[in-house]
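Reading through the structure tokens given below for one structure.
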Amino acid sequence: MTVTPQCVVALTWTLKDTLGEELDTLDDPVEFLVGGNDLLAKIEEALQGHLAGDALQLHLEPVDAFGDYDDRLLFLEPRERFPAELEVGMGFEGLPPGCNPTAPRDRLFFVSDIYPDHVVLDGNHPLAGIALRIHLKLHAVREATEEEIGAGTLGTGFFRTQIDAPDSDGDDDSAPHTLH
């Protein structure tokens, strides 16, 4: 089966910056929904018509990857609003209650610095502002189920930092996530 606008692909990849520094490697194949919210548009476009076993080399400018770095997405917030076990790299869905009310609520924020009284949170994707070279290997292609298409994701959206909705109880608990 070839990659079509709504199918599931199993991929591995190596991401590098334009200087050749390795940024991320996915060694074991992971499934992504093509035509959903799992992959960047340029990656989906490049995969169209390919078969399992194919390998692709892509170059993505920031506009086609994670966007330009936006310093308006940096927030300095009171340390006491965060868990005691806070670490650089932890992520939060939105900012905790009592933090800057102008911060977008539909983003993941990552802890970039921790000070005794304040925490710096960054709403940019960790790869924002970076042009990427991506070596993709297509391991499998299958038809997507109706449920997968309806969900719009397989839940493996490495390429996304925006969140779709509050958690199931309707609260914005700002649950922590770890950046890998």
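What you see is a predicted model; the values in this text were computed from it and never measured.
- Checked against side chain to side chain donor-acceptor pair (under 3.5 Å), T14 has no partners two or more places apart in sequence or in another chain.
- Taking the six-membered ring for Trp and the full ring otherwise, F82 and F92 have centroids separated by under 6.0 Å.
- Taking L26 as the reference, W13, V30, F32 meet the side chain to side chain contact (heavy atoms under 4.5 Å, CB included) condition, with sequence neighbours excluded.
- Note on residues 128-142: pairs passing salt bridge (charged side-chain N to carboxylate O under 4.0 Å, His left out), not counting sequence neighbours, are E31-R142, R142-E148.
- Rounding to the nearest 0.5 Å places CG of L60 at 8.5 Å from CZ of F66.
- Applying the side chain to side chain contact (heavy atoms under 4.5 Å, CB included) rule to P104 yields the partners L73, F75, D106, R107, F109; only residues at least two apart in sequence or on another chain are considered.
- Cluster note: L74 groups with Y69, L76, Y115, V120 through ILVMFWY side-chain heavy atoms spaced under 4.5 Å, whether in direct contact or through intervening members.
- Interatomic distance, CD1 of I134 versus NZ of K42, reported as 12.0 Å (0.5 Å rounding).
- Distance alone, capped at 3.5 Å, is enough to place a donor-acceptor pair between the D17 side chain and the E21 backbone.
- Using a 4.5 Å cut-off on side-chain heavy atoms (C-beta onward), V88 and D113 make no contact.
- The side chain to side chain contact (heavy atoms under 4.5 Å, CB included) test applied to A151 returns no partner, not counting sequence neighbours.
- For Q57, the side chain to side chain donor-acceptor pair (under 3.5 Å) partners two or more places apart in sequence, or in a different chain, are H135.
- In this structure E22 satisfies the side chain to side chain donor-acceptor pair (under 3.5 Å) test together with T25, sequence neighbours excluded.
- Closest of all the heavy-atom pairs between A131 and E61 is CB-OE1, 4.0 Å.
- Among all heavy-atom pairs drawn from A65 and L132, the shortest one is CB-CD1, 3.9 Å.
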Dump the intermediate steps for side-chain contact (heavy atoms from CB on, under 4.5 Å) on L11 and L39, then the final yes or no. CA-CA 11 Å; L11 301 173; L39 296 169; 4.2 Å; yes
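- In terms of heavy-atom proximity, V9 sits nearest to L138 at CB-CD1, 3.7 Å.
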Indicate every side-chain donor-acceptor pair of residues 46-54 with a distance under 3.5 Å to a residue at least two apart or in another chain.
from	atom 1	to	atom 2	distance (Å)
Q48	NE2	E44	O	3.2
H50	ND1	D54	OD2	3.0
H50	NE2	A46	O	3.3
D54	OD2	L51	N	2.9

Is there a side-chain contact (heavy atoms from CB on, under 4.5 Å) between L15 and L127? Walk through the geometry before answering. CA-CA 10 Å; L15 295 176; L127 298 177; 4.2 Å; yes
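- Residues forming a side chain to side chain contact (heavy atoms under 4.5 Å, CB included) with E143 (at least two apart in sequence, or on another chain): M1.
- Scanning both residues, T4 and V34, for their nearest heavy atoms gives O-CG1, 3.4 Å.
- Within 6.0 Å of atom CG in D28, 12 or fewer heavy atoms from other residues, nucleotides or ligands are found, so the atom counts as exposed in its surroundings.
- Residue T102 holds its OG1 atom at 11.5 Å from CZ of R72, rounded to the nearest 0.5 Å.
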Tell me, with the steps shown, if H139 and T12 meet side-chain contact (heavy atoms from CB on, under 4.5 Å). CA-CA 8 Å; H139 292 270; T12 56; 2.8 Å; yes
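- Taking the side chain to side chain donor-acceptor pair (under 3.5 Å) definition, one finds that D71 meets it with nothing, sequence neighbours left out.
- The distance from atom CD1 of I130 to atom CG of L19, rounded to the nearest 0.5 Å, is 10.0 Å.
- We find the CG-CD distance between L154 and E147 to be 11.5 Å, quoted to the nearest 0.5 Å.
- Listed by first and then second residue, the salt bridge (charged side-chain N to carboxylate O under 4.0 Å, His left out) pairs involving residues 75-84 amount to none (not counting sequence neighbours).
- At least one side-chain heavy atom of T18 sits less than 4.5 Å from a side-chain heavy atom of H59.
- Contact record, L33 with T153: CD2-N, 3.6 Å, taken as the closest heavy-atom pair.
- Taking every heavy atom of both residues into account, V141 and C7 meet most closely at CG1-SG, 4.0 Å.
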